[in-house]
Number of protein chains: 2
Amino acid sequence: MNQIDTPPRLYEWAGRKSAQPVDPALEGLVRDIIGAVADKWTMLILETLEAHGTMRFTELGHKVGEISQKMLTKTLRRMEADGLVTRKVHPVVPPHVDYTLTEMGRGLGAAFCSVWIWAETHHDEIEQARTAFAKRQGVAVVRT
Amino acid sequence: MNQIDTPPRLYEWAGRKSAQPVDPALEGLVRDIIGAVADKWTMLILETLEAHGTMRFTELGHKVGEISQKMLTKTLRRMEADGLVTRKVHPVVPPHVDYTLTEMGRGLGAAFCSVWIWAETHHDEIEQARTAFAKRQGVAVVRT
DNA sequence: CTGGATCCGGTTTGATACTG
DNA sequence: CAGTATCAAACCGGATCCAG
C-alpha cells in the first residue's frame, strides 16, 4: 500500500483525501452502503414493512403513500439485492408477490428508529427554523 | 376548476389513504422531514461536521469526499433552513464562511449513529447478499 | 387482475466556467 | 475562498403496455 492517492477525478474540487490512514476499501464500501440506504423511499418502505410485517406489492405501495410503481419496484429490488428484504413469488393467477424484511433489514429498521423519533421530537422546532429562514431570506416559500 | 379530475381515468395507484385516523398534518410533516433528512449528502455532511467540528466550505467539501460544489451548497442551505447547521460569514477579504452543527443537528447525528454502526457491522453480509443476488439474476436475464 | 417493464417529459444532479 | 451560471446527463414520476 503505497501512494494510492491517485486522484480519481482530475478536477480539483473534491476527492482530496485527508491524511488519515483509513482503510480505503472499507471506507468506500461503508460510504456506498450509506448511499444506498440513506434514501427516502428505502426508509419509508422499511418503516412500513416493519410496522405491518409481510406485505404484497400493491398493498405496500398503498401503505407507503405517494410512491410510484417504478420507484417501489426499483427500491425493493435494491433492498432485495442488499439482503434487506426477501421477495417471494407465488406462481398463481392472479400473481401474488410478497415482501418480508430479513433479519438484517429489521436491524436497519431498528437503527433508523431513532431517526424517526428524532423527527417526531423536533418537528415543530424544524418548522420554526424553516419559517425563520424563509423570513430571513425574504422570499423563500418552501411549501410542499 | 371543478369536475375536471378523472380526465381519462384517474389512475388508482398511489395516494390512497389508509383508514387509520392518523393526524394527517403531523404525518405529512414527519414524512417531509424524513424526505429532507434521509439523504446521502445530508448524512455524509452531518457525519463530517460531527467528526471535525466547525469547518469551512472548501474544507468540508474535501473531507466529505466526492461531492460537487453545487450539492454541497444546496445541501448545506437546506440543512441551514431546517436548523441543522449555522452558517457564519466573516466579512474578510478572502471570504471566510464556516459551518457548525446546531444542537438539533448533533441530535440527528447521534440518531444516525446507529445506522453507521449497522453499516459497519453488516458490510460483508451486504456484499455477500449483493454477490448472491447478482449471480442469481445475472445469468438468467440476458436478453438480446 | 397483479406485478413490473418501457417510453416520454419534467426535475435534479454533475462538471466546468466565471465572479466578488 | 465561497459560491453562482450554465449546459449535459442521469434520474424520477406518470402512463401505457405486457406477461402470467
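In what follows, every chain begins at residue 1, and chains take the letters A, B, ... in the order their sequences are listed.
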Mind calculating the distance between [atom1] ([X]) and [atom2] ([N]) to the nearest angstrom?
| X | N | atom1 | atom2 | result |
| --- | --- | --- | --- | --- |
| A:Lys88 | C:dG4 | NZ | P | 15 Å |
| B:Lys40 | C:dT12 | NZ | C1' | 14 Å |
| A:Leu72 | D:dA15 | CG | C1' | 17 Å |
| A:Leu76 | C:dT2 | CG | P | 17 Å |
| A:Gln69 | C:dG3 | CD | P | 9 Å |
| B:Ile67 | C:dT12 | CD1 | P | 17 Å |
| B:Glu66 | D:dA10 | CD | P | 17 Å |
| B:His62 | D:dA2 | NE2 | C1' | 12 Å |

So how far is it from A:Leu29 CG to A:Arg31 CZ, rounded to the nearest 0.5 Å?
11.5 Å

For a quick test of reading the model: is some side-chain N or O of [X] closer than 4.0 Å to OP1 or OP2 of [N]?
| X | N | result |
| --- | --- | --- |
| B:Thr58 | D:dA2 | yes |
| B:Arg77 | D:dT4 | yes |
| A:Tyr99 | C:dG4 | yes |

What does A:Val93 touch in the nucleic acid at a heavy-atom separation under 4.0 angstrom: a base, only the sugar-phosphate, or nothing?
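It contacts nothing in the nucleic acid.
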
Which sits closer to the 5' end of DNA chain D, B:Arg56 or A:Trp41, going by the nucleotide each is nearest to?
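In this pair, the answer is B:Arg56.
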
Residue whose nearest DNA chain D nucleotide is more 5′ - B:Asp98 or A:Asp39:
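It is B:Asp98, whose closest nucleotide lies nearer the 5' terminus.
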
Does a side-chain N-to-carboxylate-O contact under 4.0 Å join B:Lys63 and B:Glu47?
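The answer is no: the pair does not qualify as a salt bridge.
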
Can you tell which of [options] lies closest to the side chain of [X]?
| X | options | result |
| --- | --- | --- |
| A:Lys74 | C:dT2, D:dC12, C:dG4 | D:dC12 |
| A:Pro95 | C:dT2, C:dG20, C:dG4 | C:dT2 |
| B:Met71 | D:dC1, C:dG14, C:dT2 | C:dG14 |
| B:Ser68 | C:dC1, D:dG3, C:dA15 | C:dA15 |

Quick check: do A:Lys40 and B:Asp39 have side-chain heavy atoms less than 4.5 Å from each other?
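Not in contact.
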
Quick one: do the A:Glu59 and A:His62 side chains pair a donor with an acceptor below 3.5 Å?
no

Quick check: any donor-acceptor pair below 3.5 Å linking the side-chain of B:Lys70 to the base of D:dG3?
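Answer is no: no donor-acceptor pair is held.
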
According to the interplanar angle, ranging from 0 to 90°, do the rings of A:Phe57 and A:Tyr99 count as parallel (below 30°), tilted (30 to 60°) or perpendicular (above 60°)?
tilted

